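In what follows, a single structure is set out as structure tokens and then discussed.
In this text the structure is predicted, and so the values were computed from the model without any measurement.
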Amino acid sequence: MRTRVRGWRWRQNPLRRTSDVVEAWIALTVAVLLCVGAPLVGAVAGLWAHDHARSVAAAERSERHMVRAVVVGGAPEQLPSVQGGDRAHAYRTSVRWTVPGAGTKTAVARVPAGTRTGDTVDVWFDRQGHGVAPPPDEVAVWQHTVTVGLCAASCAAAVVLLGHGVVRRVALRHRLAEWEQEWARTGPDWTRGRA
């Protein structure tokens with residue numbers, strides 16, 4: 001049966017070595033870094049990513065415009081398929097819309113799967129008139145924010161744990177060297193009578 005004494009590395013006793021005190025401080029530092037530092041890094045990275053994603057979304061919204069258009073082209077004969085599912089893809093086809101004071105325009109744009117000739121769809125164009133994807137909405141911005149924040153917190157925790165592993169390995173080597181020195185000093189006293 002083994003008895004465990006909590007906090008023995010912090011108490012004054014003749015068996016406590018310097019390496020024990022250093023290991024206790026390192027364990028405390030690692031715990032604080034994992035509980036406070038990693039989440040703080042994740043929060044800061046998430047806030048930065050949120051600001052950046054919102055500015056990118058605002059820039060894309062200013063460069064792109066949406067129009068209600070009528071599909072005039074047909075669907076391609078063979079649509080791309082997704083392995084392992086029957087989810088349909090959007091495809092590119094011709095659309096036509098009326099610009100007030102400028103007449104009708106026709107362009108190629110991405111339309112949702114299942115769209116037929118004559119259906120009215122919302123399509124996005126850039127300033128050059130090329131069909132583009134819609135700008136990111138608030139949900140996409142928050143998904144990006146949470147992903148970056150979680151990845152940053154995970155990476156910070158991994159760095160702390162990796163550093164802790166390296167420090168523990170060095171401390172173990174140092175402790176073994178201390179034990180070797182102590183044994184070199186006390187070993188002859190223990191083995192002299194038996195030899």
Side-chain angles (χ1 to χ4, degrees), residues 4 6-11 16-69 79-92 107-115 121-176:
R4 199 166 187 150
R6 294 186 188 271
W8 69 271
R9 291 181 178 161
W10 299 102
R11 296 184 189 144
R16 184 184 76 174
R17 297 179 304 269
T18 305
S19 61
D20 296 328
V21 175
V22 169
E23 190 173 338
W25 278 107
I26 288 171
L28 180 66
T29 303
V30 166
V32 168
L33 286 175
L34 286 176
C35 294
V36 178
L40 187 63
V41 167
V44 168
L47 288 173
W48 173 83
H50 186 263
D51 289 343
H52 180 70
R54 286 188 74 181
S55 64
V56 167
E60 286 186 6
R61 268 188 235 106
S62 68
E63 295 170 356
R64 300 173 182 188
H65 63 281
M66 183 189 73
V67 296
R68 300 274 300 158
L79 292 173
S81 64
V82 177
Q83 279 185 323
D86 44 34
R87 202 176 79 198
H89 284 290
Y91 60 92
R92 298 181 77 74
V108 175
R110 291 185 75 78
V111 297
T115 305
V121 294
D122 294 331
V123 290
W124 288 84
F125 293 97
D126 61 9
R127 292 184 179 166
Q128 290 79 29
H130 300 111
V132 292
D137 58 356
E138 200 61 28
V139 172
V141 168
W142 277 106
Q143 286 174 340
H144 178 72
T145 300
V146 170
T147 301
V148 169
L150 286 176
C151 287
S154 299
C155 287
V159 166
V160 168
L161 292 174
L162 183 65
H164 182 242
V166 168
V167 168
R168 281 192 55 125
R169 178 164 286 209
V170 170
L172 177 63
R173 286 186 182 174
H174 184 69
R175 188 179 311 121
L176 290 175

I need the [X] [atom1] to [Y] [atom2] distance, nearest 0.5 Å.
X: Trp124; Y: Glu63; atom1: CH2; atom2: CD; answer: 12.0 Å
X: Arg54; Y: His144; atom1: CZ; atom2: NE2; answer: 13.0 Å
X: Trp142; Y: Thr147; atom1: CH2; atom2: OG1; answer: 12.0 Å
X: Ser154; Y: Leu161; atom1: OG; atom2: CG; answer: 10.5 Å
X: Gln143; Y: Asp137; atom1: CD; atom2: CG; answer: 8.0 Å
X: Leu28; Y: Trp25; atom1: CG; atom2: CH2; answer: 6.0 Å

Strictly distance-based, threshold 3.5 Å: is any side-chain N or O of Arg64 a donor or acceptor partner for the main-chain N or O of Ala133?
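A pair under 3.5 Å: yes.
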
Taking atom NE2 of His174 as the centre, does the number of heavy atoms from other residues, nucleotides or ligands within less than 6.0 Å exceed 12?
no

Grab the two heavy atoms, one from [X] and one from [Y], that are nearest each other, plus how far apart they are.
X: Ala109; Y: Phe125; value: CB-CZ, 4.0 Å
X: Ala59; Y: Ser62; value: O-OG, 2.7 Å
X: Leu34; Y: Pro39; value: O-CD, 3.4 Å
X: Val123; Y: Arg110; value: CG1-O, 3.7 Å
X: Asp126; Y: His65; value: O-CE1, 3.6 Å
X: Ala57; Y: Pro135; value: O-CB, 4.2 Å

Show your reasoning for whether side-chain contact (heavy atoms from CB on, under 4.5 Å) applies to Val167 and Val22.
CA-CA 10 Å; Val167 168; Val22 169; over 6 Å; no

What I'd like to find out is whether the side chain of Met66 reaches to under 4.5 Å of the side chain of Pro134, using heavy atoms alone.
no

